[in-house]
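One-based numbering, in listed order, for ligands and for the atoms of each. Numbering starts at 1 and runs along the sequence shown.
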Amino acid sequence: MKILITGATGLIGQELTNLLLKDNHVVNYLTTSPIKKNPRENYFGYHWNIKTKQIDENCLEGVDVIVHLAGATIAKKWTKSYKVELLESRTQSVDILFELLKNKPNQVQHFISASGTAIYPDSFTAVYDENSIANDTTFLGKLVVKWGNSADQFKKLNLKVTKVRTGIVFSNNGGALLEMVRPIKMFVGSGFGSGKQLQSWIHIKDVANLYHFIINNQTEGIINAVAPNPITNQELTKAIAFQLQRPLFLPNIPRWVMKLILGEMHVLLFNNKNIIPKKALDIGFQFQFPTAKEALKDLF
Ligand SMILES: NC(=O)c1ccc[n+]([C@@H]2O[C@H](COP(=O)([O-])OP(=O)(O)OC[C@H]3O[C@@H](n4cnc5c(N)ncnc54)[C@H](OP(=O)(O)O)[C@@H]3O)[C@@H](O)[C@H]2O)c1
């Protein structure tokens with residue numbers, strides 16, 4: 001198959017690209033960055049500019065599936081103008097692709113978009129699966145709804161649409177886990193708040209495998225990309241310290257301190273979300289790393 005990936009140069013995109021190329025698929029990618037001079041076999045780069053709505057139309061040639069991973073990072077202070085960028089990099093990019101598909105003959109059958117677990121409201125009692133009401137009203141919750149609505153446009157063109165609601169991706173190559181690992185490595189690690197808040201996560205290899213599985217099986221609809229065993233913040237902090245053989249002696253950092261440092265973004269550290277990957281398990285996807293302990297052992 002030929003797969004067009006947006007954001008292929010990012011954390012998930014690189015892992016997925018490696019997997020697809022290994023499986024003899026061809027990967028076209030849309031990028032806002034310079035295209036590397038020494039291309040890999042079956043890997044072709046095309047430019048787009050979301051702000052000016054420009055796109056190299058050749059990117060669509062022979063493509064069967066689009067995987068939309070592009071988006072400005074959420075790990076940057078959410079100022080008013082950056083909030084606009086967070087949203088538009090995810091939704092206007094979809095609009096550009098939609099217009100292209102609408103107006104140019106093509107053979108694309110499936111649009112797969114990254115999505116976030118921020119859509120599930122903060123709750124210490126709810127257990128969320130793909131059928132749960134997902135109507136979080138925070139900035140990020142609303143962003144995920146709009147992002148998903150953009151992706152749904154492709155149904156009008158009779159494409160299959162999949163939204164991959166992804167938890168915190170555990171990788172040793174970037175992302176939120178490394179931010180947690182760094183202070184623990186430096187002997188100044190600690191949990192946040194009560195530490196009882198559950199965090200839904202997934203190993204980088206599992207999330208890439210899940211996208212691969214969705215592509216191969218043409219899986220439609222919403223799918224939670226989270227490991228079957230969420231972990232509390234305190235357990236995770238301890239598990240990282242154990243894996244790195246570091247002591248933990250500092251008290252947990254209170255919520256108000258992190259709010260001062262991070263502003264609105266602090267909710268990412270304190271929200272409790274018990275999310276299960278019901279659909280992935282129902283359709284027979286096998287997690288290579290179902291527990292955080294196994295994931296951390298593999299990564300560090
Ligand atoms: N990693 C996680 O823990 C996690 C969790 C939940 C959801 N997700 C979502 O999954 C998707 C992929 O995640 P990731 O961790 O692989 O992201 P990432 O490493 O931040 O990469 C995203 C890619 O998007 C492109 N990009 C960055 N800023 C952009 C902008 N302003 N406009 C257009 N494109 C831009 C870049 O590609 P080019 O330079 O090639 O253009 C970048 O490589 C994202 O939408 C993310 O929100 C990730």
Side-chain angles (χ1 to χ4, degrees), residues 4-19 27-36 43-56 59 66-76 78-79 81-97 112-120 136 139-141 143-144 146-148 150-151 162-180 199-208 210-211 214 222-227 230 236 265 268-269 271 273 275 277 295 299:
L4 172 64
I5 306 182
T6 74
T9 58
L11 191 67
I12 299 173
Q14 287 181 51
E15 190 77 19
L16 177 61
T17 298
N18 290 339
L19 203 58
V27 173
N28 283 2
Y29 67 99
L30 273 167
T31 183
T32 58
S33 305
I35 292 168
K36 290 214 174 89
Y43 184 58
F44 306 99
Y46 301 86
H47 279 297
W48 67 342
N49 184 323
I50 287 136
K51 287 198 175 95
T52 59
K53 297 190 170 43
Q54 281 166 315
I55 185 164
D56 183 342
C59 68
I66 299 178
V67 178
H68 176 50
L69 301 173
T73 177
I74 61 159
K76 223 171 123 178
W78 301 350
T79 59
S81 62
Y82 194 62
K83 279 182 174 179
V84 175
E85 187 168 343
L86 282 169
L87 178 66
E88 291 185 348
S89 59
R90 287 172 172 77
T91 55
Q92 286 195 357
S93 47
V94 175
D95 295 345
I96 295 169
L97 286 167
I112 304 168
S113 176
S115 177
T117 52
I119 198 163
Y120 298 114
D136 184 72
F139 160 70
L140 213 52
L143 180 148
V144 176
K146 288 178 188 159
W147 191 7
S150 295
T162 313
K163 292 178 273 190
V164 187
R165 291 183 180 161
T166 310
I168 303 164
V169 175
F170 281 9
S171 162
N172 53 18
N173 204 22
L177 182 68
L178 281 193
E179 300 303 321
M180 296 185 71
Q199 299 181 321
S200 291
W201 61 276
I202 184 165
H203 190 293
I204 181 73
K205 286 185 190 151
D206 277 333
V207 74
L210 184 56
Y211 273 99
I214 291 167
I222 294 161
I223 186 156
N224 288 339
V226 296
L236 178 58
M265 189 167 57
L268 296 175
L269 303 171
N271 278 350
K273 301 198 179 185
I275 303 163
L299 293 168

Go through ligand 1 atom by atom and flag the ones less than 4.0 Å from a non-hydrogen atom of [X].
X	result
Ala72	28 (N), 29 (C), 31 (N)
Thr31	38 (P), 39 (O), 40 (O), 41 (O)
Gly167	3 (O), 5 (C), 6 (C)
Gly7	23 (C), 24 (O), 37 (O)
Ala114	10 (O), 11 (C)

Just need the protein heavy atom nearest to [atom], so name the residue and atom and give the distance.
atom	result
atom 36 (C) of ligand 1	Thr9 OG1, 4.0 Å
atom 25 (C) of ligand 1	Gly71 N, 4.0 Å
atom 17 (O) of ligand 1	Leu11 N, 4.4 Å
atom 21 (O) of ligand 1	Gly10 CA, 3.3 Å
atom 11 (C) of ligand 1	Leu69 O, 3.2 Å
atom 41 (O) of ligand 1	Thr32 OG1, 2.6 Å
atom 32 (N) of ligand 1	Ser89 CB, 3.4 Å
atom 46 (C) of ligand 1	Arg90 NH2, 3.8 Å

For the student: nearest non-hydrogen atoms of [X] and [Y], plus distance:
X	Y	result
Trp48	Ala70	CZ2-CB, 4.0 Å
Val164	Ala225	CG1-CB, 3.6 Å
Glu88	Ile50	O-CG2, 3.9 Å
Trp201	Pro230	NE1-CA, 4.0 Å

Polar atom proximity, [X] to ligand 1 (N or O, under 3.5 Å):
X	value
Ser115	no
Leu30	no
Thr166	no
Gly116	no
Ile50	no
Ile12	yes
Trp48	no

>> Do Leu4 and Leu30 make a side-chain contact, defined as non-hydrogen atoms from C-beta onward lying under 4.5 Å apart?
In response: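 Of all side-chain heavy-atom pairs linking Leu30 with Leu4, at least one is under 4.5 Å.
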> Below 4.5 Å, heavy atoms only, C-beta onward: do Asn28 and Ile5 meet side chain to side chain?
Replying inline: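 Side chain of Asn28 against side chain of Ile5, heavy atoms only: no contact under 4.5 Å found.
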> Just going by heavy-atom distances, which of Ser200, Ala70, Ser171, Ala208 is nearest to atom 34 (N) of ligand 1?
Replying inline: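 Result: the heavy atom closest to atom 34 (N) of ligand 1 is in Ala70.
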>> Please compare Glu85, Glu15, Glu88 and report which has the shortest non-hydrogen distance to atom 31 (N) of ligand 1.
In response: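 Of the listed residues, Glu85 has the closest heavy atom.
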Ignoring hydrogens and geometry, is there a side-chain-to-backbone donor-acceptor pair from [X] to [Y] under 3.5 Å?
X	Y	answer
Lys273	Tyr120	yes
Ser89	Ala72	yes
Thr6	Leu69	yes
Asp56	Tyr46	no
Glu15	Ala208	no
His203	Leu299	no
Asn224	Val226	no

> With a 4.0 Å heavy-atom cut-off (strictly under), which part of Ser93 contacts ligand 1: side chain, backbone, both or neither?
Replying inline: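 The answer is neither; Ser93 stays 4.0 Å or more away.
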> What part of Trp147 sits under 4.0 Å from ligand 1 if we count only heavy atoms: the side chain, the backbone, both or neither?
Replying inline: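 Near ligand 1, Trp147 shows its side chain, while the N, CA, C and O stay back.
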>> Could you check whether Tyr29 and Tyr43 have their ring centres less than 6.0 Å apart?
In response: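 That pair passes the under 6.0 Å test.
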